[in-house]
Protein chains: 2
Amino acid sequence: MSKADKDHTTEERIKEAAREVFTEKGFAAARTRDIAERAGINLALLNYYFRSKENLFNIIMLENLHQFFSGLKGVLNDETSSLEAKIESIASNYIDLLMKQPNLPLFIMMEIRNEPQKLVEKMGIRDVLKNSYFMKQFSMAARENKPLHLLMNLMALIIFPFIARPIIQNVVDVDNTEYIQLMQERKKLIPRWVKALLRNG
Amino acid sequence: MSKADKDHTTEERIKEAAREVFTEKGFAAARTRDIAERAGINLALLNYYFRSKENLFNIIMLENLHQFFSGLKGVLNDETSSLEAKIESIASNYIDLLMKQPNLPLFIMMEIRNEPQKLVEKMGIRDVLKNSYFMKQFSMAARENKPLHLLMNLMALIIFPFIARPIIQNVVDVDNTEYIQLMQERKKLIPRWVKALLRNG
DNA sequence: GTCTATACAAAGATAGAC
DNA sequence: GTCTATCTTTGTATAGAC
């Protein structure tokens, strides 16, 4: 089966619909009937392909996590690029990803509470990050600071504006196009900020 | 009725239980039966005091938002304190609050998507922030940078580690007491970091 | 104000025909 | 593989006794 065909199988259509509904509503509020309807199929068919709502959810969740973290591996272990280049790349790639799927992080963080380590472990991020060339570079640059703090800061600067977007847009006056513009600016700004943070104790 | 008494009325006990269950599970996954049980009362009683699950939820939600933002007002409009002092105060107070209620922000952000402006407007944060003395000081210090970016950064540095805690703790090895320790450190660190960010373009 | 019992609605899952 | 019809479970809300 060709790639184009594969994208339009019933199974794929259901998964696509499920991804949308789950990320919009969260696991509990998502209804299998809605997923079926959006996929243009019958409810019974959903249970034919995926045995249960929970099973379907886990599959979607794993794919999301994979999408969210897999891009990292390549960057983290590139021994030729500088730390600055890596940070630029990470910021840029994540912001692009989050522009396409703005509520992915909120969704992941929300649902991950229910099954603590389970999902995270499956991804193997733990080891990838720990042994990465990036962490060596980063820890070196952090000097007397704890690298963990600065790692948190990096992720915070990238991800938080997307998580808090609904609130921010209501507290200050920025329409959608302006907000996108702001996020684009941050691709360039974040590396500079992180540099400043690394210099300062 | 005394304050101590009031805290133990059935109504208060239900609200307390509801706050816990809602923040743990979100609106959709929270079950009224669980709330009733945790409050040590009958399910019917919950509907006697609060007409519906949704009504109860809105009450809790407003109280949460109030708690989250009301402390700000005083700090923001203090014309005697320096910008640094304000930032220190904000960081310290928020971190203290979040240590007590770690999943409050995730809960707020998650549920706020369902009723965009409605809740935010009721709080009146918009005007408080916009006209605050803090924003004058902050914009001044930001110089050529957009204050909005730096405001995002400030909130990101404070809040994000609490939102992402479940993931972070699984990716790197830190137990609960260590994590609390880290958050305590950030009370002192964040003001320094923000200072560095303000200096750098 | 508080509880028991129950009606009512919604949602997940399955059986069986095609 | 796909659909219709239906079962079962679970959650919300109410009626009525004490």
Side-chain angles (χ1 to χ4, degrees), chain A residues 1-64 107 110-111 113-115 118-119, chain B residues 1-62 107 110-111 113-115:
Chain A
M1 198 176 352
S2 78
K3 167 91 169 52
D5 282 346
K6 188 158 175 276
D7 286 347
H8 298 102
T9 57
T10 305
E11 191 171 341
E12 273 306 317
R13 299 237 313 289
I14 296 175
K15 274 166 62 175
E16 194 46 46
R19 193 187 323 282
E20 291 172 24
V21 177
F22 278 138
T23 46
E24 274 172 27
K25 311 231 182 181
F27 175 75
R31 302 185 315 171
T32 52
R33 283 175 162 83
D34 289 346
I35 296 173
E37 189 184 356
R38 193 173 306 202
I41 53 108
N42 188 279
L43 172 61
L45 211 49
L46 187 150
N47 268 14
Y48 170 75
Y49 279 103
F50 309 89
R51 292 190 324 283
S52 70
K53 178 187 179 183
E54 181 154 353
N55 187 44
L56 174 56
F57 176 80
N58 284 336
I59 290 169
I60 300 298
M61 194 65 187
L62 272 181
E63 289 188 5
N64 277 342
F107 174 65
M110 192 71 195
E111 304 292 351
R113 297 184 317 178
N114 303 330
E115 326 205 23
K118 204 173 155 193
L119 283 169
Chain B
M1 201 180 343
S2 78
K3 169 87 169 54
D5 282 347
K6 187 159 176 277
D7 286 347
H8 297 101
T9 57
T10 306
E11 191 170 343
E12 273 306 317
R13 298 238 312 288
I14 296 175
K15 274 166 62 174
E16 195 45 47
R19 193 186 324 281
E20 292 172 24
V21 177
F22 278 137
T23 46
E24 275 171 26
K25 311 234 182 176
F27 177 75
R31 303 185 314 171
T32 52
R33 281 175 162 84
D34 287 347
I35 297 174
E37 187 184 357
R38 194 172 305 203
I41 55 108
N42 188 278
L43 172 60
L45 212 47
L46 187 151
N47 266 22
Y48 169 76
Y49 280 105
F50 309 89
R51 292 191 323 283
S52 69
K53 177 187 179 183
E54 180 154 353
N55 187 45
L56 173 57
F57 175 79
N58 284 335
I59 291 170
I60 299 298
M61 193 66 186
L62 273 181
F107 173 66
M110 192 70 195
E111 303 293 349
R113 295 185 317 179
N114 303 329
E115 327 204 23

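Being a predicted model, the structure only gives us computed values, none of them experimental. Order of the sequence lines fixes the chain letters, A, B, ..., with proteins taken first and strands second; residue numbering starts at 1 for each chain.
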Please determine if A/E16 and A/R13 form a salt bridge, counting it only when a charged side-chain N lies under 4.0 Å from a carboxylate O. no

Residues, nucleotides or ligands: over 12 heavy atoms within 6.0 Å of B/E24 CD: yes

Taking the cut-offs as 6.0 angstrom to the six-membered ring centre and 45 degrees off its axis, would you call A/K25 and A/F107 a cation-pi pair? no

Expressed in angstrom and rounded to an integer, what is the separation of B/L46 atom CG from D/dT14 atom P? 12 Å

Interface residues of residues 19-36 of chain A with DNA chain D (non-hydrogen, below 4.0 angstrom): none

What integer distance in Å separates A/I14:CD1 from C/dA13:P? 13 Å

Contact class for B/Y49 vs. all strands (heavy atom < 4.0 Å): base, sugar-phosphate, or nothing? sugar-phosphate

Got a salt bridge between B/E12 and B/K15, using NZ or NE/NH1/NH2 to carboxylate O under 4.0 Å? yes

Rounded to whole Å, how long is the line connecting atom CG of A/N42 with atom P of C/dT14? 15 Å

For C/dG1, does OP1 or OP2 lie under 4.0 Å from any side-chain N or O of B/T10? no

Could you state the CD-P distance from B/E37 to D/dG11, rounded to the nearest angstrom? 12 Å

Looking only at C/dA13, C/dC3, C/dA15, the nucleotide nearest the A/A44 side chain is C/dA15

Whole angstrom is fine here: how far is it from CG in A/L45 over to P in C/dT14? 14 Å

Atom CD of A/E63 with >12 non-hydrogen neighbours under 6.0 angstrom: yes

Aromatic plane relationship, B/F22 with B/F57 - under 30° parallel, 30 to 60° tilted, over 60° perpendicular: perpendicular

Consider the side chain of B/Y48, meaning its heavy atoms from C-beta on, and name the nucleotide among D/dT2, C/dT14, C/dG1 that approaches it most closely. C/dG1

Take the protein atom CD1 of A/I41 and the nucleotide atom P of D/dT2, then report the distance between them rounded to whole Å. 9 Å

Could you check which of C/dG1, D/dT14, C/dT14 has an atom nearest any side-chain atom of A/N47? C/dT14

Interatomic distance, CG@A/N47 vs NZ@A/K53, rounded to 0.5 Å, equals 11.5 Å

A/N55 CG to C/dG12 C1', in whole Å, measures 14 Å

Selection from C/dT14, D/dT2, D/dA13 that lies nearest to any side-chain heavy atom of B/L43: D/dA13

